[in-house]
Visitor: 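Pasting in a structure now, in structure tokens, and then I'll have a few things to ask.
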Amino acid sequence: MAAQARYARCIDEGRLEEWPEFFLSTCIYRITTAENHRLGFAAGIIWADSRGMLEDRVAALRGANIYERHAYRHLLGLPLIDGAGPQGTRAETPFMVARIMREGATDLYATGRYLDLWRAGQDGTPKLAERIVVCDSSRIDTLLALPL
Amino acid sequence: MPDHNIARPVLVPPPEVEWPDTLSRVPYWAFQREDVAAIEQRRVFRGDTWNYLCLEAEIAQPGDYRATTLGGVPILAVRDHDGEIYAFENRCVHRGALIALEDFGQVREFTCVYHAWSYDLQGNLKAVAFKDGIKGAGGMPECFRMEDHAPRKLRTATICGLVFASASDTVPPIEEYLGEEIVERIERVLGGRQIEVIGRFTQALPNNWKLYVENVRDSYHASLLHLFFTTFELNKLSMKGGLIVSESGGNHVSWSAVDREAQERQAATSEYSAQNIRSASDYRLRDPSVLAGIDEFGDGISLQILSVFPGFVLQQIQNALAVRQVVPRGVDRTDLHWTYFGFKDDTPELRLMRLKQCNLVGPAGYVSMEDGCVGGFVQRGVVGASDRHAVLEMGGHDALSTRTRATEASVRGFWKAYRELTGL
């Protein structure tokens with residue numbers, strides 16, 4: 001729970017450089033939609049299988065990609081713990097994300113759920129081995145720059 | 001007191017400025033006016049054009065259908081038991097309700113939910129509920145003939161697994177419409193292959209549809225706006241490449257291949273640094289596997305962007321393959337439907353490469369996210385400037401194929417086809 005809250009605060013405060021640290025070095029991070037998830041389509045809006053790819057994503061957002069300045073506000077629902085196994089703890093957490101644009105427009109940008117696999121990292125704190133972000137809608141407004 | 005000497009305003013103004021008789025000027029009112037959008041519906045989308053509907057792979061079996069659109073008009077694309085593909089407007093002939101409410105599915109027939117009128121897979125009206133009334137009362141009059149009523153049907157054509165439709169009886173056959181060079185470049189990617197969909201996403205763009213299809217044809221912007229491409233040397237204007245513009249102007253291919261010799265020359269004298277362009281940063285990837293790919297078409301071409309007038313795109317960026325359907329949703333809104341695909345015979349290694357390379361494209365794509373916002377920057381930028389125009393002079397004034405991509409020839413080509421059809 002604390003890690004979830006820290007994850008949301010990290011993105012919402014724009015401290016993207018710290019965002020990959022929530023993940024194990026070998027990890028899955030994928031953003032998809034409910035329809036793609038239901039149909040078993042493997043591609044994602046973002047598709048990463050290493051922390052390095054998440055670091056690259058942040059580097060690209062900071063140094064390469066062009067988008068209008070904006071911020072998110074995550075509201076997380078209650079996590080449903082799906083049970084612990086040798087691989088780690090599976091959890092499903094609903095979210096709503098508002099997007100606040102440079103000129104002030106605040107809109108509901110995405111709703112969905114995190115399908116997580118949490119496991120203790122080397123320092124003993126819980127880390128994400130897997131986070132599949134399943135957006136409820138298949139429409140993305142304008143673009144998706146900041147991670148969800 | 002009102003001043004009765006002031007001139008009466010004209011409430012429905014004509015275009016504030018004439019569209020000059022050149023391909024290198026586009027008045028901004030073309031992106032703003034409702035009446036222009038109405039003309040486009042009639043003369044472009046319902047005119048002599050072929051419009052992408054879906055992939056054959058999405059309606060592989062008899063009874064399979066996909067609810068799609070032609071310029072925003074709801075369309076059903078259906079595979080019938082004769083193996084043919086039929087397309088008709090998704091609108092009941094009775095009171096105009098949508099016939100199918102799901103995006104896709106498999107059916108024996110279509111039944112409108114409103115009054116249960118039903119249609120066969122070719123869009124023919126087959127049954128009207130209570131047609132003969134109840135207990136001899138009510139019902140349709142004697143003169144009502146079901147065969148006189150059908151949703152508007154479209155001509156369909158397929159090429160390499162792509163399904164196109166036209167509302168026109170006079171549009172030339174699809175191969176002629178595309179042009180030989182465009183057909184060859186479609187076959188280069190799709191010929192003899194079995195497509196498998198691996199993802200579908202919709203990007204809602206805050207701009208007129210023409211700003212997006214201009215962007216797709218704009219080979220000039222690629223390495224200037226999309227820094228990621230340039231930094232990782234996927235696409236520099238000094239790479240080997242070129243531009244094909246079809247005779248109509250409306251269809252295009254922009255391609256590039258790694259030119260080893262030019263790469264070495266460039267290492268010595270950076271043309272980019274000299275231009276003081278943002279494209280000269282030197283960060284490197286922590287996990288370069290995102291770019292790992294193979295030359296799957298055996299010709300060294302790492303990028304091929306192909307467009308078909310008005311709103312279709314076939315994309316090959318390394319091994320990231322996708323089709324894009326551009327759908328107007330009002331003068332300042334556009335839906336961009338992405339369908340990512342691979343082939344049925346992909347090895348697991350190749351499929352993994354596609355999944356990773358798909359990070360380059362789509363709403364969060366390293367090299368395409370900017371295209372989602374830049375049209376909005378124009379749409380907002382030209383507010384109050386309907387008497388001004390865009391300048392499209394890079395590479396000259398014509399709309400011809402060329403060996404350079406430092407040109408706006410294919411953007412001018414789009415306007416050539418557009419003006420020919422609309423008469424604007």
Side-chain angles (χ1 to χ4, degrees), chain A residues 20 23 25-70 99 101-103 105 107 109-110 133 135 137-148, chain B residues 103-104 196-207 225-232 278-279 281-290 320 322 335-342 351-352 354-359 361-377 380:
Chain A
F23 294 83
S25 61
T26 300
C27 61
I28 301 282
Y29 177 77
R30 189 150 63 88
I31 300 181
T32 186
T33 69
E35 183 188 283
N36 283 277
H37 188 68
R38 178 168 55 84
L39 295 172
F41 290 157
I45 296 172
I46 292 179
W47 198 106
D49 65 356
S50 73
R51 189 164 63 202
M53 285 178 78
L54 304 182
E55 290 164 353
D56 292 336
R57 176 68 59 178
V58 174
L61 289 175
R62 293 297 197 210
N65 289 122
I66 311 297
Y67 50 92
E68 224 169 349
R69 183 163 50 81
H70 63 279
R99 183 180 59 184
M101 296 303 294
R102 174 178 66 94
E103 86 283 19
D107 290 302
Y109 177 65
V133 183
C135 296
S137 167
S138 57
R139 292 168 69 87
I140 299 290
D141 182 63
T142 309
L143 54 76
L144 190 152
L146 307 177
L148 288 169
Chain B
D103 296 328
F104 57 89
E196 188 168 283
V197 175
I198 59 174
R200 281 199 288 255
F201 303 100
T202 297
Q203 197 172 355
L205 305 177
N207 53 265
L225 175 67
H226 307 305
L227 180 56
F228 191 89
F229 247 173
T230 312
T231 305
F232 299 100
R278 281 184 295 105
S279 312
S281 95
D282 59 355
Y283 73 94
R284 289 291 170 264
L285 291 176
R286 299 261 176 129
D287 185 347
S289 71
V290 69
D335 278 354
L336 178 60
H337 296 297
W338 295 81
T339 304
Y340 301 173
F341 64 89
R351 185 56 65 87
L352 183 62
R354 295 199 204 283
L355 296 175
K356 290 195 181 194
Q357 290 177 22
C358 280
N359 282 295
V361 300
Y366 284 135
V367 298
S368 71
M369 76 166 74
E370 290 89 1
D371 296 330
C373 61
V374 77
F377 297 164
R380 282 150 58 192

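This structure is a prediction, so every number in the text was calculated from the model and none was measured. Every chain is numbered from 1 and lettered A, B, ... according to where its sequence line falls, protein lines coming before strand lines.
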Visitor: Tell me, yes or no, whether the heavy-atom count around B/Arg286 atom CZ, taken from other residues, nucleotides or ligands under 6.0 Å, exceeds 12.
Guide: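 Count not over threshold, so no.
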
Visitor: Which answer fits B/Phe341, side chain, backbone, both or neither, if we ask what part of it has an atom under 4.5 Å from a heavy atom of chain A?
Guide: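 Neither part; nothing is under 4.5 Å.
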
Visitor: Give the member of A/Leu39, A/Ile31, A/Leu54 that has the highest number of heavy-atom pairs under 4.5 Å with chain B.
Guide: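 Highest number of heavy-atom pairs under 4.5 Å: A/Leu39.
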
Visitor: Using heavy-atom distances under 4.5 Å, tell me whether B/Tyr340 contacts chain A through its side chain, its backbone, both, or neither.
Guide: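 Interface part for B/Tyr340: side chain.
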
Visitor: Roughly how far, to the nearest 0.5 Å, is OG of B/Ser289 from NZ of B/Lys356?
Guide: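 The NZ atom of B/Lys356 sits 3.0 Å away from the OG atom of B/Ser289.
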
Visitor: To the nearest 0.5 angstrom, please state how far the CD atom of A/Glu55 sits from the CG atom of B/Asp287.
Guide: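 A/Glu55 CD to B/Asp287 CG: 9.5 Å, rounded to 0.5 Å.
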
Visitor: For B/Asp103, is it the side chain, the backbone, both, or neither that has a heavy atom closer than 4.5 Å to a heavy atom of chain A?
Guide: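 When you check distances to chain A, only side chain atoms of B/Asp103 fall under 4.5 Å.
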
Visitor: Does any non-hydrogen side-chain atom of B/Phe377 lie less than 4.5 Å from one of B/Asn207?
Guide: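 Contact flag for B/Asn207/B/Phe377 side chains = no.
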
Visitor: Hydrogens and angles aside, do A/Thr33 and A/Asn36 bring a side-chain donor and acceptor to less than 3.5 Å of each other?
Guide: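 A donor-acceptor contact under 3.5 Å links the two side chains.
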
Visitor: Please state whether the side chain, the backbone, both or neither of B/Leu336 comes within less than 4.5 Å of a heavy atom of chain A.
Guide: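 No part of B/Leu336 comes within 4.5 Å of chain A.
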
Visitor: I'd like to know whether CZ of A/Arg69 has more than 12 heavy-atom contacts from other residues, nucleotides or ligands below 6.0 angstrom.
Guide: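 Check fails, neighbour count at 12 or below.
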
Visitor: Measure distances from A/Thr32 to the heavy atoms of chain B and classify the residue's part below 4.5 Å as side chain, backbone, both or neither.
Guide: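 The answer is both parts of A/Thr32.
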
Visitor: Flag the one option from B/Asp335, B/Val290, B/Leu205 with the top tally of heavy-atom pairs under 4.5 Å to chain A.
Guide: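 Of the options given, most contacts go to B/Asp335.
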
Visitor: Tell me, side chain or backbone of A/Arg30 under 4.5 Å from chain B's heavy atoms, or both, or neither?
Guide: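 Neither part.
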
